Student: 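Here you go, one structure.
What you are looking at is a predicted structure, and each value in this text was computed from that prediction instead of being measured.
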There are 2 protein chains.
Amino acid sequence: MTIHYKEKTFFTGKDLALSVIGGRWKIAIIWCLLQQSPLRLSEIQRKLPEVNQRMLIRQLRELEEDKIITRSVYPVVPPKVEYQLSEIGLLLEPVVTSICDWGDNFAEFLEEDADKIAVN
Amino acid sequence: MTIHYKEKTFFTGKDLALSVIGGRWKIAIIWCLLQQSPLRLSEIQRKLPEVNQRMLIRQLRELEEDKIITRSVYPVVPPKVEYQLSEIGLLLEPVVTSICDWGDNFAEFLEEDADKIAVN
DNA sequence: TACAATACTGACATATTTGTCACTATATGG
DNA sequence: CCATATAGTGACAAATATGTCAGTATTGTA
């Protein structure tokens, strides 16, 4: 398999996937949109207060370019823009879920580790 | 949930997970070790020729610090060091698998997209 | 006229990650 | 004595990612 995408060459689906979902906040954004959809920019901001707006918009733009999400603009005032996962974006659910699950597991593991040290 | 780890605070397992497996080559390394284990440094290098040695070692060190992999040194000459996934590391299998699967899917999607344009 | 709400963009600074180059150690075989 | 193989390390450069600040547009309402 060889895919040329955005001036780069990928030899595996894995590498291609990572190039697309690897951004600092992308999994978080996708996670939000899996829970509720569509969402307006201001709503995503409220759900992810750690991300500054500029960064959030950049990540959204990249996801849109990569066709992971769609962006719908409503010509009203004040402006209204809605984001939602595309068909291929929705298929990221197992990725997000498995990451969340493993992370919870790892958190437990760290706590047990800390307990062991505390007991000694 | 609040976890303090490596001078940082995490509020979700997802964020914790991403901080640990987010490195440029970490998923690739874990993928290698899921396929075959244990592996020596030189073997991983052969499987991942795009990664330079310095970088590979750094990512291995971090994975070791995070207890995702174990490192066994054999006091022989020339030196022999073996890496393998820990128990918690092995649990990353669903993460790696789902990323690979989605990536393959996305690659197909991109090809179909390209075809559509070619047909028009 | 000024302000509010929403969804941005541009220029730039800073931080973090990644890559490169040169270097070390060791015992064996030639 | 020299080269070889393996598994590194240190110092630094470069690239990339992320964050900050200020500014734009729209139009209904006070």
Side-chain angles (χ1 to χ4, degrees), chain A residues 5-10 15-16 18-30 32-33 37-66 68-84, chain B residues 5-10 15-16 18-30 32-33 37-66 68-84:
Chain A
Y5 187 56
K6 290 184 166 182
E7 329 239 313
K8 288 191 183 159
T9 304
F10 301 94
D15 296 336
L16 177 63
L18 292 172
S19 82
V20 163
I21 59 171
R24 178 98 173 65
W25 303 106
K26 286 186 184 169
I27 292 289
I29 292 169
I30 293 162
C32 282
L33 289 171
S37 181
L39 284 173
R40 302 179 62 169
L41 174 66
S42 49
E43 292 172 318
I44 303 178
Q45 277 187 87
R46 246 168 272 138
K47 284 170 183 285
L48 303 174
E50 334 83 89
V51 195
N52 74 67
Q53 197 193 37
R54 188 80 183 80
M55 206 51 222
L56 184 55
I57 291 171
R58 280 208 279 247
Q59 303 271 301
L60 286 167
R61 284 284 171 287
E62 287 181 20
L63 288 170
E64 193 196 345
E65 257 193 65
D66 293 332
I68 308 304
I69 63 174
T70 60
R71 178 170 170 271
S72 315
V73 183
Y74 298 87
V76 294
V77 170
K80 176 171 173 176
V81 176
E82 283 185 342
Y83 295 93
Q84 57 194 311
Chain B
Y5 186 57
K6 292 186 166 181
E7 329 238 314
K8 290 191 183 161
T9 305
F10 300 95
D15 296 336
L16 177 63
L18 291 173
S19 82
V20 163
I21 59 170
R24 178 97 173 70
W25 302 106
K26 286 184 184 170
I27 292 290
I29 292 170
I30 293 161
C32 280
L33 288 170
S37 180
L39 283 174
R40 303 178 63 169
L41 175 66
S42 50
E43 292 173 318
I44 303 177
Q45 280 188 84
R46 245 166 274 135
K47 284 172 183 284
L48 302 175
E50 334 81 271
V51 196
N52 73 69
Q53 196 192 34
R54 189 81 183 78
M55 206 51 221
L56 184 55
I57 291 170
R58 281 208 278 246
Q59 302 272 302
L60 285 166
R61 285 285 172 286
E62 288 182 18
L63 288 170
E64 193 196 345
E65 259 191 64
D66 292 331
I68 307 303
I69 62 173
T70 61
R71 177 168 170 272
S72 314
V73 183
Y74 297 88
V76 294
V77 169
K80 177 171 173 174
V81 177
E82 283 185 343
Y83 295 95
Q84 56 194 310

Student: Can you check whether B:Ile68's main-chain N or O pairs, donor with acceptor, with B:Asp66's side chain at less than 3.5 Å?
Tutor: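 No, the answer is negative, given that no donor and acceptor are paired below the 3.5 Å cut-off.
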Student: Rounded to whole Å, please give me the gap between CD in B:Glu62 and C1' in C:dT16.
Tutor: 11 Å
Student: Would you kindly check whether a donor in the side chain of B:Arg58 faces an acceptor in the base of C:dG19, or vice versa, at under 3.5 angstrom?
Tutor: yes
Student: For DNA chain C, determine which residues of residues 22-30 of chain A have any heavy atom closer than 4.0 angstrom to one of its atoms, and list them numerically.
Tutor: none
Student: With the side chain of A:Gln53 defined as its heavy atoms from C-beta on, choose the nearest nucleotide among C:dC8, D:dA5, D:dG10.
Tutor: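 The answer is C:dC8.
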Student: From the list C:dC8, D:dT18, D:dT27, which nucleotide is the closest neighbour of the side chain of A:Gln59?
Tutor: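 Within the option list, the nearest is D:dT18.
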Student: Where do A:Val20 and A:Tyr5 come nearest, in terms of heavy atoms and distance?
Tutor: CG2-CE2, 4.3 Å
Student: Does a distance-only test, which skips hydrogens and angles, find a donor-acceptor pair under 3.5 Å between the side chain of B:Arg61 and the base of D:dG8?
Tutor: no
Student: Are B:Arg71 and D:dG8 close enough that a side-chain N or O sits under 4.0 Å from OP1 or OP2?
Tutor: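 Yes, such a contact exists.
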Student: What nucleotide, of D:dA7, C:dT9, C:dA7, holds the atom closest to the side chain of A:Pro79?
Tutor: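 Nearest nucleotide to the side chain: C:dA7.
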Student: Can you tell me if A:Glu64 uses its side chain to pair, donor with acceptor, with the backbone of A:Arg61 under 3.5 Å?
Tutor: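 A pair under 3.5 Å: no.
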Student: How long is the line joining CE of A:Met55 and C1' of C:dG10, in whole Å?
Tutor: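 Answer to the nearest Å: 15 Å.
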Student: Does A:Ile57 reach a base, just sugar-phosphate, or nothing at all? Heavy atoms under 4.0 Å.
Tutor: base
Student: Check the distance between C:dC8's C1' and A:Glu82's CD and give it to me in whole angstrom.
Tutor: 17 Å
Student: Would you say a side-chain N or O of B:Tyr74 is under 4.0 Å from OP1 or OP2 of C:dT26?
Tutor: no
Student: Round to the nearest Å and state the distance from B:Asn52 atom CG to D:dT9 atom C1'.
Tutor: 14 Å
Student: So, is B:Arg40 close to the D:dA7 phosphate, meaning a side-chain N or O under 4.0 Å from OP1 or OP2?
Tutor: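 True: B:Arg40 side-chain N/O within range (under 4.0 Å) of D:dA7 OP1/OP2.
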Student: Whole-Å distance between C:dC8 P and A:Leu56 CG?
Tutor: 10 Å
Student: NZ of B:Lys8 versus C1' of D:dT18: gap in Å, rounded?
Tutor: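 Rounded to whole Å, this separation is 12 Å.
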Student: If you compare every side-chain N and O of A:Ser42 against the phosphate oxygens of C:dA7 (OP1, OP2), does one of them come in below 4.0 Å?
Tutor: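 It does, given that an N or O in the side chain of A:Ser42 lies less than 4.0 Å from OP1 or OP2 of C:dA7.
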Student: Side chain to side chain contact (heavy atoms under 4.5 Å, CB included), that's the test. Do B:Leu39 and B:Cys32 meet it? Break it down for me.
Tutor: CA-CA 9 Å; B:Leu39 283 174; B:Cys32 280; 4.1 Å; yes
Student: In whole angstroms, how far is the P atom of C:dC8 from the CG atom of A:Leu60?
Tutor: 8 Å
Student: Looking only at heavy atoms, what is the nearest atom pair of A:Gln84 and A:Leu33, with distance?
Tutor: CA-CD2, 4.2 Å
Student: Under the 3.5 angstrom rule, does the side chain of A:Gln59 hit a backbone N or O of A:Leu56 as a donor-acceptor pair?
Tutor: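 It does not hold such a pair.
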Student: Give the rounded distance in Å between these two atoms: NZ of B:Lys6 and P of C:dT16.
Tutor: 14 Å
Student: Where each residue is assigned the nucleotide of DNA chain D containing its nearest heavy atom, which of A:Val51 and B:Arg54 is assigned the position nearer the 5′ end?
Tutor: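 Looking at DNA chain D, the more 5' nearest nucleotide goes with B:Arg54.
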Student: Quick one: do B:Trp25 and B:Arg58 satisfy side chain to side chain contact (heavy atoms under 4.5 Å, CB included)? Show the steps, please.
Tutor: CA-CA 10 Å; B:Trp25 302 106; B:Arg58 281 208 278 246; over 6 Å; no
Student: Report, as yes or no, whether the 6.0 Å neighbourhood of atom NZ on B:Lys6 holds more than 12 heavy atoms from other residues, nucleotides or ligands.
Tutor: yes
